[in-house]
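Small disclaimer: the values here were computed from a predicted structure and weren't measured.
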Amino acid sequence: MADPKAKPREFFIHGITAQGRAFRPSDWAERLCGVLSCYRPGGVGAGRDALIGFSPYARPVTIGGVKCVVVDERLKDIDAMAFNFVINFARDNDLPVYEGCSLPEPEQT
């Protein structure tokens with residue numbers, strides 16, 4: 001059984017294809033994360049208080065000037081088909097997937 005205090009694994013989908021080209025369209029990461037935006041801790045918010053934004057389980061980031069998507073492994077626990085969709089998207093589009101971890105945001109002083 002996994003340590004409940006351990007940080008969940010994260011998978012980074014890198015926006016450079018195996019042929020060395022930037023994946024297109026340029027907003028692919030935002031589009032992919034938009035599809036997964038309803039997956040949130042506690043479920044989907046509804047009504048006027050629902051938030052518009054990305055899920056903490058699939059979020060777009062830019063690393064070294066390259067668009068990427070960070071996928072939290074907890075998405076698999078919520079919906080295995082959604083997790084498989086995003087990982088298969090990377091594979092089908094020849095995008096590398098790396099396991100890693102995000103660094104915490106620096107504190108504002």
TODO: Decide yes or no for I13 and V71: does some side-chain heavy atom of the first lie under 4.5 Å from some side-chain heavy atom of the second?
DONE: yes
Open item on the list: Checking the side chain of D72 only, and the main-chain atoms of R74 only, is there a donor and an acceptor separated by less than 3.5 Å?
Closed with: yes
- [ ] Kindly compute the distance separating CD (E73) from CD1 (I78), expressed to the nearest 0.5 Å.
- [x] 11.5 Å
TODO: Indicate the ring-plane relationship of F23 and W28, choosing parallel, tilted or perpendicular according to the 30° and 60° boundaries.
DONE: perpendicular
Task: Separation of C33 SG from Y39 OH (nearest 0.5 Å) - done: 13.0 Å
Task: From CG (D92) to CZ (F85), nearest 0.5 Å - done: 9.5 Å
Task: NZ on K67 to CD on E30, rounded to 0.5 Å - done: 3.5 Å
Task: Pair E10 + R59: basic N to acidic O under 4.0 Å - done: yes
- [ ] Among F11, F89, F12, find the residue that satisfies the side chain to side chain contact (heavy atoms under 4.5 Å, CB included) test when tested with V97.
- [x] F11
Open item on the list: side chain to side chain contact (heavy atoms under 4.5 Å, CB included) for V66 and C68? Distances and angles first, verdict last.
Closed with: CA-CA 6 Å; V66 176; C68 302; 4.3 Å; yes
- [ ] In sequence, state the C-alpha distance, the side-chain angles, and the governing distance for V61 and V69, and then conclude on side chain to side chain contact (heavy atoms under 4.5 Å, CB included).
- [x] CA-CA 6 Å; V61 297; V69 170; over 6 Å; no
Task: D94 and Q19, any side-chain heavy atoms less than 4.5 Å apart - done: yes
Task: side chain to side chain contact (heavy atoms under 4.5 Å, CB included) evaluation trace for L36 with V86 - done: CA-CA 9 Å; L36 299 167; V86 73; 3.9 Å; yes
Task: Gap between atom CG of L75 and atom CD1 of I87 - 0.5 Å precision - done: 9.0 Å
Open item on the list: Can you tell me how far apart OG (S55) and CZ (R40) are? Round to the nearest 0.5 Å.
Closed with: 6.0 Å
